[in-house]
Amino acid sequence: MTKLDDMRRPDRGNMLAVLLFITAGPLLWGLHLTIVYMAHTAVCALAASPGAATAILAIVTVALAVLLMLILLDQQRFARLLKVSQEIAERGSYDRIAFFLTLLSLAGILWSGLAVTILSSCAPGR
Amino acid sequence: MRFGKGWVFRAIALSALPGIASCSGVQSALSPRGVEALRIDPLFWTSAAVGLAVTLMVVILVAAALYGPPRWRERLSGDRMLIGGGIVLPIIVLTGLFTYGLLVMQAGAVRGEQETDATVTITGKLWWWEVVYEGPDGKAVLSANELRLPVGRPVRLRLESDNVIHSFWAPQIAGKLDMIPGRTNEVVVEATEPAVSRGQCAEYCGGAHALMAFYVVAMAQAEYDAWLAREAGPAVEPVSEEAARGREIFFEHGCGACHQVRGTEARGVIGPDLTHVGSRKSLAAGMMSNDAQAFARWIVDNQHIKPENKMPPFGQFSEEELSALAAYLDSLE
Amino acid sequence: MNEVRELPNEAPRPANELEELERAWKLPTGFRLITAVNNQVIGILYIGIAFLFFLLAGVLGVIMRTQLAVPENDLVSQDLFNQIFTVHGTTMMFLFAVPAMEALGVLLLPQMLAARDLPFPRLSAFAIWAYIVGGLVFFSTIFYDLAPKGGWFMYPPLTLKEYSPGDNADFWLLGIGFIEISAIAGAIEIIVGVLRTRPPGMSLTRMPIFAWAMLIFAAMIMIAFPAVILATMLLEIERSFGWPFFTADKGGDPLLWQHLFWFFGHPEVYIIFLPAAGLVSMIVPAMARRPLVGYRLIVVALIGTGFFSFGLWVHHMFTTGIPALSLGFFSAASMAVAIPSGIQVFSWIATIASSKERFRITTPSLFVLGFLFIFTVGGVTGVMVALVPLDFQVHDTYFVVAHFHYVLIGGMVFPLFATFYYWIPMVSRKMLSERLGRWVFWLMFIGFNVTFFPMHITGLIGMPRRVWTYPDGLGWNTLNMVSTVGSYILAAGVALFVIDLFLRFRPTMENNAGDPWRAGTLEWLPTGAYSARSIPFVTSREPLWDNPNLGTEVEEGRHFLPGAPTGERETIVTSPVDAKPQYIIRMPGPGWAHLVAAVFMAAAFLLLTVKLVTIALICAVISIAACIVWGWQLDHGPGKGEVDIGAGIKLPTYMAGPRSHAWWAMAVLILVASSLYIAYVFSYLYLWVVSPEVWAPHGSPDLPGFGWPLGTALLLIAGTGSMVLVRRMLPAPGGREPAIPPMLALAAGCLLAAFLAEVWGHWMTGLRPAQNSYGAMVYMASVLNFQVVFACVVLAGFAIARYLTGKLDAERRVGYENAALLYYYAAGQMLLGLVLVHGFPRLAG
Amino acid sequence: MRRFDRRWWRAVALGAALAIAGAGIFGGLFALSGLYNVAASREHFAITNAIIRLTLTRSVETRSMGVEVPDLSDERLAALGARHFAVGCVPCHASPGSKQNPIVAEMYPAPPPLTEAAEKWDSEELFWIVKHGLKFTGMPSWPALERDDEIWALVAFLERLPASDAEDYAALAGGQGEGDDTSLDFGDGEGMTEALCESCHGNADARPVHPLAPALAGQKQAYLLRALEEYADGKRPSGMMQTIATALAHDELARLAGHYAQATSSAAPVGNPDVLAIARGEQIARNGVREDDVPACLACHGEGTSAQFPRLDGLAPEYISTQLSLFRDGVRQRSTYSAIMKPIADRLTERQISDLAAYFSSLPRQPGTAFLRPEGAR
């Protein structure tokens with residue numbers, strides 16, 4: 001419960017750190033999409049090498065999926081890394097929000113991975 | 001990879017939406033007659049069934065939340081329900097559907113890479129289709145507004161445009177694919193039974209976009225070969241006197257500036273090739289039936305039949321002249 | 001409830017305190033009302049105009065349905081129909097949906113946050129007036145055959161000069177481009193408002209869900225809109241000057257437009273939906289009389305949607321022939337975005353189930369329930385079209401028309417009507433009629449489903465979109481007739497609502513209908529023109545439920561800032577995470593400058609459309625002058641010292657630097673500019689992938705020698721250094737430092753010189769922008785640079801003027817801080833541009 | 001204070017309303033009484049006259065603002081204008097060599113002699129007056145308001161009129177200015193009408209007076225007849241030709257068409273041909289421009305095509321480009337055939353138009369011989 005007295009103390013929360021903490025998952029998902037889409041397009045358009053494309057996509061996907069899992073496994077360490085203060089109001093809520101966002105992002109990345117396993121690289125839309 | 005017809009889902013959905021099957025027409029994606037369309041069909045019924053189930057579930061849950069006994073309502077308002085229904089369930093269902101979709105896609109991709117023995121180049125025009133076959137001797141055979149396919153043989157369609165973006169869509173045969181200036185998109189199609197179906201431009205292309213259709217005629221291989229041989233040949237000579245007079249008028253009034261009739265001096269390539277126009281299913285890109293009357297109407301009144309089209313209206317003819325001209329065009333089989 | 005609460009201030013309050021407060025917030029009277037900036041006044045104006053556009057575009061929709069009722073109908077000509085559907089779509093998306101949501105932000109947010117107003121009242125008024133003028137002129141083009149007819153998506157080459165001669169397309173490009181700028185102004189306001197003007201104690205996790213939704217809404221606008229602004233710039237430049245961005249023959253690509261447009265266009269759907277979902281998350285708990293179940297998961301859903309929606313723009317391009325695997329990625333993202341919607345639906349069901357006694361069935365809750373059903377159907381068909389092969393069949397057919405009307409009408413219009421019925425008591429003397437409301441709901445609900453459900457089938461059996469007529473005999477007749485009948489029922493429902501509005505809606509700021517729903521959030525506090533009498537100390541998500549006396553306490557002035565200590569308009573600025581009071585912001589009242597700026601800026605854009613360049617430039621100059629006048633009045637300086645807001649907290653009344661709201665607004669603006677630039681970088685690389693053959697050194701003249709970029713970079717660094725030095729040299733209040741004006745001028749000059757050097761260097765190589773897409777892209781970088789350079793030069797001049805009039809010193813330095821911040825960004829953008837334009841071709845070539 | 005203001009304003013408004021109503025009633029009674037004298041035999045009061053003059057002058061000056069004056073230095077243009085002047089203007093205004101018809105002279109106001117007109121009015125003002133006419137004076141507007149090109153010809157002539165005596169005028173008007181020329185006179189004998197035609201369109205020895213008047217010899221008969229008919233019923237707008245074609249009986253039109261179809265053409269076009277432009281024009285004329293959907297001109301205008309399609313060989317370049325722009329601007333839209341030409345003219349660029357004009361004008365017209373046979377057989 002926040003007390004009136006708290007209002008006289010400065011805010012310990014660092015806006016950027018908090019934002020980064022809760023949106024790390026989606027940001028990494030976005031990074032993944034950017035890399036795989038651009039790599040696939042560029043490799044297919046310029047080098048026309050399906051093998052290389054698949055390899056790059058697989059490596060990127062696995063790497064980012066592992067990173068997300070690590071974040072999920074030790075959320076607190078990740079929070080400390082970003083210097084998210086323990087003293088902000090309802091700190092647990094941020095943990096929970098970050099957790100589920102990371103989870104959803106992981107699902108998104110794995111689905112992209114599924115596409116890589118099923119579809120051949122550089123093949124036309126049909 | 002092949003899939004069954006998905007009759008289970010079809011049965012479920014049919015019982016829910018009795019109207020659909022009876023509505024199917026020559027342009028319906030629900031009566032597939034091509035390999036790709038047949039592959040997409042069960043995907044549709046599956047996803048429709050899943051969608052129906054999800055909708056019903058939501059309706060029932062809302063009803064229960066509103067009017068259910070307290071015990072149900074209490075269970076409904078728990079966190080477990082929220083995570084189970086809001087996260088776990090969607091992930092499972094979507095993974096299933098997504099995988100199915102990817103498999104269908106991959107089948108199409110594999111097919112797209114295979115060799116085919118026939119290639120047809122279709123170019124989107126404002127607002128009609130130029131269709132170029134490979135003739136028996138390998139020479140290009142120009143035609144328009146109609147696609148003929150041999151049943152059971154994969155045919156590669158090369159889709160192009162030299163003006164705005166169009167989209168080629170023959171629902172009974174395959175899904176649509178855009179025609180984009182500067183690019184050539186390819187799709188391999190295969191008709192599974194001899195039938196006539198209809199298609200239409202699916203990307204808004206300005207002006208008469210609504211009036212840019214075509215027919216797809218799937219025919220047995222032997223029939224197709226005979227047709228192609230004939231299509232590759234020059235136009236027939238007019239037999240009736242009226243048609244011969246019509247041909248005179250055709251040249252006197254400059255029709256050959258825009259239209260080609262192979263075997264004559266009409267070499268225009270601005271409008272559709274008319275060498276065998278009389279043998280097509282339709283006139284004006286699927287807009288009119290193909291008979292002498294329609295020709296006459298089109299010549300005089302084309303700007304009302306298809307506003308903004310590139311052909312000027314030719315209103316100067318007397319009735320006799322017009323019917324002679326129409327008779328000639330109709331005789332070009 | 002019985003614990004003794006410590007309150008910030010003592011009652012009774014001094015006698016003249018309330019009068020002082022009322023005087024500060026008094027509305028202008030008579031025709032001067034148009035200069036008003038109070039959020040409650042302009043918010044209602046805003047939503048009213050947005051609703052007017054809904055009605056107008058709705059009429060167009062009904063006309064289209066009438067034309068399509070029977071096959072081969074000729075009620076509406078082909079050309080007019082093409083104009084109508086273009087204007088219908090454009091108006092609904094740009095002039096109704098987004099503005100309506102921003103309007104609700106302007107109207108509701110300050111009330112929910114118990115702030116006295118949004119932090120930049122004149123900026124919102126500016127955005128609103130610009131929107132009203134620009135929007136009305138744009139819409140009126142339909143009456144004189146000047147309306148665009150390229151579809152709301154405006155795909156080139158159809159919209160290039162060759163296929164769309166005339167000014168029709170330019171009305172879209174300039175009109176809508178301009179309205180997007182107004183939307184961005186609104187988004188800046190909302191972001192700073194949500195993050196910085198919350199009541200003390202309302203940490204991020206205690207915000208009403210609507211505030212979360214608006215925060216994400218505004219953030220998405222910042223990322224998405226610049227993409228379409230860039231696209232409209234490129235297309236207008238190609239139309240006017242022939243720079244070939246989209247012409248395949250010269251190395252351009254029509255698909256570039258589609259990428260940029262849908263990078264905006266798909267998030268746009270969620271930009272519209274998220275605030276609506278936020279509204280639903282406010283109404284459902286009120287009707288259930290229980291807190292929202294899964295508040296945090298809803299936040300997850302909102303943020304998740306915000307992100308994932310940027311990963312599926314290609315799902316509008318599944319049929320363009322992009323490689324299968326690329327489609328797979330976007331199909332995956334389309335799946336991912338479905339989950340947050342699932343979370344929200346289940347959360348609402350859970351909240352309904354948790355109701356105290358039973359969920360109250362009122363008109364707002366009927367609309368919410370209708371929304372739940374319609375939106376679920378729309379979501380389900382959304383998953384269907386996300387399946388790539390299925391989309392091959394249904395893309396651009398009536399199936400998709402049905403799908404997105406389910407999503408947009410279900411997901412936005414129904415919640416909006418729920419909002420009208422729910423929140424009108426807050427701004428009107430009377431509630432709307434519950435009895436009529438039920439009629440309105442059932443007519444709309446039935447009419448909607450009868451109109452749009454059959455379209456799913458119409459599309460599946462082959463009917464494409466955007467056709468003005470269709471032939472007989474394809475089996476489409478009955479379904480189309482049913483849809484048309486449905487559209488009349490839907491229209492009848494909306495008409496009945498308008499009648500209800502006329503009968504009972506009586507706007508007011510003081511004597512509103514009160515809190516008929518007994519809801520728990522702050523907008524239901526008793527209010528006046530100044531909003532709440534005192535700004536409550538907040539300790540939970542539903543303060544009114546947790547402390548039933550809060551209303552009385554607030555009215556008695558026992559919470560923070562019960563008066564107007566500086567004698568002007570003011571509100572408390574709090575810290576962004578835990579909302580601890582930081583300073584008092586002094587806000588401007590009514591004024592003419594922003595109004596003049598808005599009207600003349602709209603005039604400038606619209607006159608450009610009809611090629612009256614000289615008059616347009618005069619209007620632009622007037623508009624910029626008005627902006628400068630407006631800006632001049634803003635920086636009050638620290639003259640009023642510190643004030644006591646209660647609980648022994650003394651707050652300064654002036655702030656400069658990273659804590660100030662002005663700095664935040666500039667930071668947000670810079671984010672917008674940078675996403676515009678990122679969209680440009682994407683376009684550059686994209687065109688290179690498509691047509692590497694026109695790139696230097698092979699297909700175009702060689703790049704200028706290394707000396708050029710090096711010299712340009714040195715100029716930029718020198719300018720930046722000069723700007724940094726100025727910060728150190730700012731004198732103490734009252735002091736002088738004569739070197740400041742020349743230093744600022746030097747900085748501005750360096751920037752200008754760098755810009756010119758970049759253009760000149762390329763010009764000397766013989767490269768011309770109309771030559772090929774590479775040339776166009778190279779010079780486009782300078783066009784974008786010019787925008788920020790121009791702004792920096794104006795701001796530097798502004799800072800010099802502030803200094804010369806003694807209004808700039810080490811304390812009073814907002815004018816300098818803003819110029820410097822933008823300057824650093826401009827220098828950064830230009831350096832990045834040098835690396836791209838001079839480095840990339842050398843690397844890739 | 002404020003209430004006082006409002007009352008004051010109310011009084012002013014009431015007073016104004018009463019005054020207006022009173023004036024209206026008085027004026028109405030005056031008109032109804034029939035006291036005003038409308039006789040042409042009685043002149044206006046000096047004050048009335050001054051007001052009318054002022055109004056007229058100011059109106060012409062203001063309304064003609066923004067009119068852009070083309071180059072009028074071409075003597076041939078003035079000569080064309082002079083010929084129309086003889087037919088269309090002399091009946092009222094008289095010419096330097098003739099006296100005004102006494103009946104016309106009694107009009108009020110009387111049509112002024114135009115010898116000073118060009119001194120009084122600027123070119124754009126003359127243009128405006130000729131085009132729009134003047135209310136209440138009997139001065140008519142141009143019969144074909146779309147044909148600014150024709151009006152400028154007249155203006156070019158009027159500019160020269162002040163400096164002309166009867167002889168100069170006769171020279172400029174090609175002999176039509178002599179004698180009693182107060183009305184349209186085609187003479188009674190055969191050949192007189194031809195003389196009138198030839199004065200503009202030229203004959204075997206003389207080229208047309210100005211490129212706007214095309215050479216007619218050897219043109220297709222059916223086309224010529226249709227053109228004359230279309231002029232006569234205003235389907236093909238022309239202030240010059242409509243006046244003449246309307247005055248002639250249909251038989252006479254048919255006879256003229258036959259006459260010109262048989263006539264031998266004038267000498268080959270002279271000038272300095274732009275060989276490159278001609279080559280480009282020929283390419284378009286023979287093959288069209290595929291990417292712009294422009295069909296080959298010769299498919300309709302070549303040998304062996306419909307008698308309704310004019311032949312273009314030997315026409316002046318200015319004539320061809322003027323007609324194409326008239327098609328493009330929809331001026332000729334009232335004829336059936338224009339529906340064919342308009343979309344084609346729309347698709348042509350300015351440069352293509354000038355290339356085509358160069359090409360066709362470079363071809364000598366030799367009636368009866370095959371001048372261009374499209375390649376290939378039927």
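Throughout, protein chains are lettered first and strands after them, A, B, ... in sequence-line order, and every chain is numbered starting at 1. Here the structure is a predicted model, which is why all the values come from computation and not from measurement.
For A:A115, the parts lying near chain B are the backbone and the side chain together; criterion is any non-hydrogen pair under 4.5 Å. At a 4.5 Å heavy-atom cutoff, the contact between B:L177 and chain A is made by backbone and side-chain atoms alike.
B:D79 and A:R96 make their closest contact through OD2-NH2, 3.3 Å (heavy atoms, listed as atom of the first residue, atom of the second, distance).
Separating the CD1 atom in B:I91 from the CH2 atom in A:W111 is a distance of 5.5 Å, to the nearest 0.5 Å. For the atom pair CD1 (A:I118) and CZ (B:F98), the distance works out to 7.5 Å, reported to the nearest 0.5 Å.
Ranked by heavy-atom pairs under 4.5 Å with chain A, the list B:G108, B:A174, B:G101 is led by B:G108. Comparing A:L110, A:T117, A:L119 by heavy-atom pairs within less than 4.5 Å of chain B, the highest count is held by A:L119.
Within 6.0 Å of CZ in A:R8 there are more than 12 heavy atoms belonging to other residues, nucleotides or ligands. For B:E115, the CD atom sits in a loose shell: 12 or fewer heavy atoms of surrounding residues, nucleotides or ligands are nearer than 6.0 Å. More than 12 non-hydrogen atoms from other residues, nucleotides or ligands lie less than 6.0 angstrom from CE of B:M219.
Between A:P124 and B:E186 there is no side-chain heavy-atom pair separated by less than 4.5 Å.
Looking only at distances, no side-chain donor or acceptor of B:E113 sits under 3.5 Å from a matching main-chain atom of A:A123.
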